[in-house]
Amino acid sequence: MKPVTICCLVVWCFCFAVYGTHKFLHSSPHFHDWKKLYFVYHWPVTVCKMIENDCDNPPMYWTIHGLWADKAEDCNKSWHFNVTEIKDLLVDMRQYWPDVLHTNRTKFWKHEWDKHGTCVATLKSLNSQKKYFSKALELYEKLDLNSYLFKLGIKPGGNYYQLSTIQEALTSVYNVTPKIQCLSPEQGEEVQTIGQIKFCFTKDFTLRNCTESEVYSYAAHENMLFGTEDLSVCNDTLTNYPSHV
Ligand SMILES: *[C@@H]1O[C@H](CO)[C@@H](O)[C@H](O)[C@H]1NC(C)=O
Ligand SMILES: *[C@@H]1O[C@H](CO)[C@@H](O)[C@H](O)[C@H]1NC(C)=O
Ligand SMILES: *[C@@H]1O[C@H](CO)[C@@H](O)[C@H](O)[C@H]1NC(C)=O
Ligand SMILES: *[C@@H]1O[C@H](CO)[C@@H](O)[C@H](O)[C@H]1NC(C)=O
Ligand SMILES: *[C@@H]1O[C@H](CO)[C@@H](O)[C@H](O)[C@H]1NC(C)=O
């Protein structure tokens, strides 16, 4: 063979190897190369409204939906949720991370662990169930969303808010822009309903802006069981912050 042919062959082999490996990695069902964390709050009244379930007295404060990786889910199916490991956290879990829809709260926590906890557990700071759930509770307390909204005069059940008012209020407190999700107006209505607020963190738990578009759609990811598949990014229009279902 001529040197030039050999050279081509080598290059071809190299490209094939690289491409093949690349393809293999990316065809794997999980995306382990996630970049940021989402700490997700949801508004229980809206969650109830979406499901049209008769939730009894949903809490009148923002509760935890979860702590997620931006581009990964169900990362380790053999790492089973075990409620005993978080027994010391249960008092706080029941209060701040309730399942507003189902009476068996353990199911919600198991779901969050299976889908998200097993992914973010690649971080040393989150590599056990105890660490994962504790960290989420810690972020909840640190962000202290309920107090800030209240102090900023944004309260449920009163007037409708322009979305930008809520957005600007949050940015003034946190110096980052969280992602706010709403339930679209019902037929014949004009106001959207606030449902979820996602804060973005770096892997070392520094708040960061949530900008840059998501390659991986989380609309599909949020799951029917917990009824958030109907939420989408809010528009800058009037927004209901409901105090009852
Ligand atoms: C999955 O979880 C199991 C149980 O904790 C652990 O032994 C195993 O190393 C994990 N696998 C991966 C790929 O992290
Ligand atoms: C659950 O965790 C507890 C406490 O760490 C442990 O004693 C128990 O064996 C675990 N159960 C299972 C089924 O792994
Ligand atoms: C609640 O759900 C968990 C996880 O799916 C299950 O192990 C447990 O048996 C359930 N408890 C009740 C009282 O149904
Ligand atoms: C987030 O974005 C805003 C506006 O673009 C900027 O002023 C702020 O410094 C950013 N915050 C961080 C932590 O990057
Ligand atoms: C925002 O507006 C777009 C385009 O009109 C619409 O498709 C989407 O459903 C709206 N989102 C909400 C939460 O209402």
Side-chain angles (χ1 to χ4, degrees), residues 24-34 40-43 45-52 65 67-69 71-91 93 104-107 109-135 154 156 160-167 170 177-198 203 210 213-214 217-222 226-242:
F24 173 74
L25 287 176
H26 287 261
S27 62
S28 111
H30 320 301
F31 293 77
H32 290 283
D33 55 346
W34 55 278
V40 190
Y41 278 97
H42 58 188
W43 181 244
V45 174
T46 304
V47 176
C48 291
K49 192 173 152 139
M50 290 170 67
I51 295 301
E52 291 172 11
H65 185 169
L67 178 59
W68 306 344
K71 286 184 247 176
E73 58 184 39
D74 292 317
C75 297
N76 186 344
K77 292 204 155 89
S78 55
W79 198 346
H80 302 294
F81 176 72
N82 176 352
V83 75
T84 314
E85 297 201 6
I86 58 164
K87 61 180 189 313
D88 300 341
L89 308 175
L90 292 180
V91 173
M93 292 288 293
N104 186 349
R105 298 159 189 275
T106 319
K107 243 185 192 161
W109 303 333
K110 176 186 178 340
H111 170 84
E112 290 299 309
W113 170 256
D114 291 349
K115 199 159 190 174
H116 309 289
T118 58
C119 296
V120 297
T122 50
L123 296 181
K124 205 166 165 225
S125 53
L126 298 174
N127 66 3
S128 72
Q129 295 177 40
K130 180 99 183 253
K131 287 190 198 173
Y132 173 73
F133 289 101
S134 310
K135 190 69 187 183
I154 298 171
Y160 294 145
Y161 293 93
Q162 195 69 30
L163 198 268
S164 55
T165 305
I166 302 177
Q167 191 96 55
L170 292 174
T177 306
K179 199 171 278 215
I180 308 180
Q181 293 179 309
C182 288
L183 190 58
S184 297
E186 280 171 37
Q187 208 102 44
E189 281 183 11
E190 274 167 29
V191 280
Q192 59 189 356
T193 303
I194 194 167
Q196 199 149 267
I197 300 181
K198 288 167 142 182
K203 289 185 179 184
C210 290
S213 63
E214 285 166 72
S217 168
Y218 264 75
H221 146 126
E222 286 150 27
F226 300 101
T228 42
E229 89 281 13
D230 292 322
L231 290 174
S232 53
V233 174
C234 306
N235 293 309
D236 190 16
T237 58
L238 282 183
T239 308
N240 185 16
Y241 181 12

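Computed from a predicted model, the values in this text were never measured in an experiment. Numbering starts at 1 and runs along the sequence shown. Numbering of ligands and ligand atoms starts at 1, following listing order.
Of all protein heavy atoms, the one lying nearest to atom 9 (O) of ligand 5 is Ser184 OG, 3.4 Å. For atom 4 (C) of ligand 5, the closest non-hydrogen atom of the protein is Asn235 ND2, 4.8 Å. Protein heavy atom nearest atom 13 (C) of ligand 5, with residue, atom name and distance: Ser232 OG, 3.4 Å. Looking only at heavy atoms of the protein, atom 5 (O) of ligand 2 is closest to Glu85 CG, 3.7 Å.
With contacts defined as side-chain heavy-atom distances shorter than 4.5 Å, the pair Leu183/Lys49 qualifies. The side-chain heavy atoms of His116 and Leu67, taken from C-beta on, include no pair separated by under 4.5 Å.
Taken to the nearest 0.5 Å, the SG atom of Cys119 stands 13.0 Å off from the NZ atom of Lys71. One finds the CD1 atom of Ile180 at 9.0 Å from the OG1 atom of Thr177 (value rounded to the nearest 0.5 Å).
Applying the 4.0 Å criterion to heavy atoms of Gln192 picks out, from ligand 5, the atoms 12 (C), 13 (C), 14 (O). Near Val233, meaning under 4.0 Å from any of its heavy atoms, are these atoms of ligand 5: 11 (N), 13 (C). Residue-ligand proximity, Cys182 to ligand 5, at heavy-atom distances under 4.0 Å covers atoms 13 (C). Per-residue contacts place Asn82 under 4.0 angstrom from the following atoms of ligand 2 (heavy atoms of the residue considered): 1 (C), 2 (O), 3 (C), 8 (C), 10 (C), 11 (N), 12 (C), 14 (O). Annotation for ligand 5: atoms under 4.0 Å from non-hydrogen atoms of Pro185 are 14 (O).
Comparing Asn76, Thr122, Asn127 by heavy-atom distance to atom 14 (O) of ligand 1, the nearest is Asn76.
At least one protein heavy atom sits closer than 4.0 Å to atom 1 (C) of ligand 5. Under the 4.0 angstrom criterion, atom 7 (O) of ligand 5 counts as lacking any protein heavy-atom contact. Distances from atom 11 (N) of ligand 1 to the protein include at least one heavy-atom value under 4.0 Å.
Residues Thr106 and Asn104 bring a donor and an acceptor atom of their side chains to less than 3.5 Å of each other. Between the side chains of Glu112 and Trp68, at least one donor N or O lies within less than 3.5 Å of an accepting N or O. Side-chain polar atoms of Gln196 and His65 form a donor-acceptor pair below 3.5 angstrom.
Salt bridge absent: Asp114 and Lys77 never bring a charged side-chain N and a carboxylate O closer than 4.0 Å.
Within the 3.5 Å criterion, the main-chain N or O of Cys75 finds a donor-acceptor partner in the side chain of Thr118.
Residue contacts with ligand 5, taken as heavy atom pairs separated by less than 4.0 Å, do not involve Thr237 at all.
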